[in-house]
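Below is one structure, written out as structure tokens, with a few remarks after it.
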There are 2 protein chains.
Amino acid sequence: MNRKRNCINTECPQLKALDDRALDHVAEYFRALSEPLRLRILKTLQDRPHKVGELTELLDCSQANVSKHLAILMRHGMVERDAQGTSAFYRIADPRVYDLCDLVCGQMALRFASQAQLLGARPAGARSRR
Amino acid sequence: MNRKRNCINTECPQLKALDDRALDHVAEYFRALSEPLRLRILKTLQDRPHKVGELTELLDCSQANVSKHLAILMRHGMVERDAQGTSAFYRIADPRVYDLCDLVCGQMALRFASQAQLLGARPAGARSRR
DNA sequence: TGCATCCATTACCATATAGGAATATAGTAA
DNA sequence: TTACTATATTCCTATATGGTAATGGATGCA
């Protein structure tokens with residue numbers, strides 16, 4: 001069991017040790033990352049902090065929508081707000097959210113690769129199940 | 001920038017490199033992990049494979065509900081099905097999902113700790129915002 | 001003051017989904 | 001075959017949520 005530990009600088013409780021209430025919180029955290037627009041916001045903020053108006057333009061969506069999603073990201077401690085005049089700058093509060101995203105990217109890459117291999121190894125039109 | 005790489009045995013594309021279509025897939029992956037019951041299923045399967053009926057009893061929920069959530073987990077390659085007679089055994093297909101969960105656990109633990117510290121440093125009834 | 005800008009919030013609508021109840025399907029045994 | 005068990009699926013409802021439009025609120029400037 002070559003289980004690699006990702007978390008080295010904290011007690012880092014594992015899934016096993018969590019009760020149902022803690023699992024609810026974990027689920028909510030994942031849910032915050034389960035919207036494409038929120039991921040695009042995080043991706044944009046990876047370069048540097050941005051004002052709401054900049055995000056609105058870069059992501060080509062309404063200002064109200066950006067503000068709403070930023071509030072959700074902030075509620076989970078993923079971004080931080082810095083008011084300057086009438087503007088509001090948002091920046092990444094916890095860069096480890098990118099570790100999560102990168103982990104998922106890697107898993108999906110592996111999965112797609114193996115699926116492509118399966119498809120390539122079967123005659124056209126073959127179904128893998130059912 | 002002490003950015004630790006979690007993914008060592010694959011190309012592991014980063015969030016930066018993903019287009020909107022790939023981000024949609026990442027969001028769907030996170031969404032599969034955003035339900036408490038699905039996390040409880042994964043937690044239960046961490047010990048050993050289980051039949052649907054066992055999960056139904058252990059998690060105290062309906063059989064239809066368990067089957068539905070198992071289908072979602074399987075759709076994302078997180079669990080695998082092994083039919084034996086009229087039973088269906090489910091097992092973990094990709095143990096790295098636990099790495100994700102543990103990462104989130106660690107981040108939430110840090111966050112709660114700092115919040116508790118903030119609360120402890122303020123007089124009773126103080127609000128940290130608004 | 002008055003006005004403009006930037007952002008947050010609210011109300012509303014459309015869609016997605018978790019859950020339950022009922023039904024369908026598949027395997028097993030008589 | 002018929003009956004029984006285990007699981008999957010379908011239908012339905014209640015709730016949650018993403019999106020938009022409209023509004024509110026705070027700041028800055030003339």
Side-chain angles (χ1 to χ4, degrees), chain A residues 20 23-45 49-76 78-91 127-130, chain B residues 20 23-45 49-76 78-91 127-130:
Chain A
D20 288 354
L23 278 185
D24 290 350
H25 289 296
V26 175
E28 282 180 26
Y29 194 97
F30 279 126
R31 184 170 296 271
L33 295 174
S34 71
E35 275 303 313
L37 183 50
R38 288 199 283 271
L39 291 180
R40 292 205 293 146
I41 289 174
L42 291 175
K43 174 182 169 187
T44 304
L45 293 181
H50 283 279
K51 300 196 294 185
V52 174
E54 292 172 347
L55 292 172
T56 297
E57 188 175 1
L58 287 170
L59 302 175
D60 192 31
C61 58
S62 73
Q63 172 266 317
N65 208 14
V66 170
S67 283
K68 198 189 305 190
H69 285 297
L70 283 170
I72 293 173
L73 293 174
M74 200 162 58
R75 188 181 312 146
H76 292 275
M78 299 171 179
V79 302
E80 284 174 346
R81 196 179 106 110
D82 185 20
Q84 293 189 11
T86 63
S87 295
F89 279 84
Y90 282 87
R91 64 179 182 279
R127 307 284 296 275
S128 60
R129 191 173 289 272
R130 186 171 294 268
Chain B
D20 288 354
L23 278 185
D24 289 350
H25 289 297
V26 175
E28 282 180 26
Y29 194 97
F30 279 126
R31 184 170 297 271
L33 295 174
S34 72
E35 275 304 312
L37 183 51
R38 288 198 283 272
L39 292 180
R40 292 205 293 148
I41 290 175
L42 291 175
K43 173 183 168 185
T44 304
L45 293 180
H50 282 279
K51 298 196 295 186
V52 174
E54 293 172 346
L55 292 173
T56 297
E57 188 175 1
L58 287 171
L59 302 176
D60 190 32
C61 59
S62 74
Q63 172 267 318
N65 208 14
V66 169
S67 284
K68 199 187 306 188
H69 285 296
L70 283 169
I72 293 174
L73 292 174
M74 199 162 60
R75 189 181 313 147
H76 291 276
M78 299 171 179
V79 302
E80 284 174 346
R81 198 180 104 110
D82 184 19
Q84 293 189 10
T86 62
S87 295
F89 280 84
Y90 282 88
R91 63 179 182 279
R127 306 287 294 275
S128 62
R129 190 174 289 272
R130 188 167 291 272

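Order of the sequence lines fixes the chain letters, A, B, ..., with proteins taken first and strands second; residue numbering starts at 1 for each chain.
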Practice task
For a side-chain contact (heavy atoms from CB on, under 4.5 Å) with Ile41(A), tell me which candidate from Met78(A), His69(A), Glu35(A), His50(A) qualifies.
Solution key: His69(A)
Practice task
Tell me which nucleotide among dC6(C), dA8(C), dA8(D) gets nearest to the side chain of Ser67(B).
Solution key: dA8(D)
Problem - Candidate nucleotides dG27(C), dG28(D), dG18(D), ranked by approach to the side chain of Thr86(A) - the nearest - result: dG28(D)
Distance check needed: [N] [atom2] versus [X] [atom1], whole Å only.
{"X": "Met74(A)", "N": "dC7(C)", "atom1": "CE", "atom2": "C1'", "result": "12 Å"}
{"X": "Ile72(A)", "N": "dT9(C)", "atom1": "CD1", "atom2": "P", "result": "12 Å"}
{"X": "Arg81(B)", "N": "dA6(D)", "atom1": "CZ", "atom2": "P", "result": "15 Å"}
{"X": "Gln84(A)", "N": "dT27(D)", "atom1": "CD", "atom2": "P", "result": "14 Å"}
{"X": "His69(A)", "N": "dT9(C)", "atom1": "NE2", "atom2": "C1'", "result": "15 Å"}

Problem - Close side-chain approach of Val52(B) to Ser67(B), heavy-atom, < 4.5 Å - result: yes
Fill in the blank from the handout: Note: contacts of residues 24-42 of chain A with DNA chain D (heavy atom, under 4.0 Å) are Arg31(A), Glu35(A), Leu37(A), Arg38(A)
Fill in the blank from the handout: What residues 52-65 of chain B contributes to the DNA chain D interface at heavy-atom separation below 4.0 Å is Val52(B), Gly53(B), Gln63(B), Ala64(B)
Handout entry: 5' precedence on DNA chain C between Phe89(A) and Lys68(A) (nearest-nucleotide basis)
Key = Phe89(A)
Completion exercise
On a heavy-atom basis, the closest approach of Met74(B) and Val79(B) is CG-O, 3.5 Å
Practice task
Applying ring pair (Phe, Tyr, Trp, His ring centres under 6.0 Å), name anything that partners His25(B), two or more places apart in sequence or on another chain.
Solution key: Phe112(A)
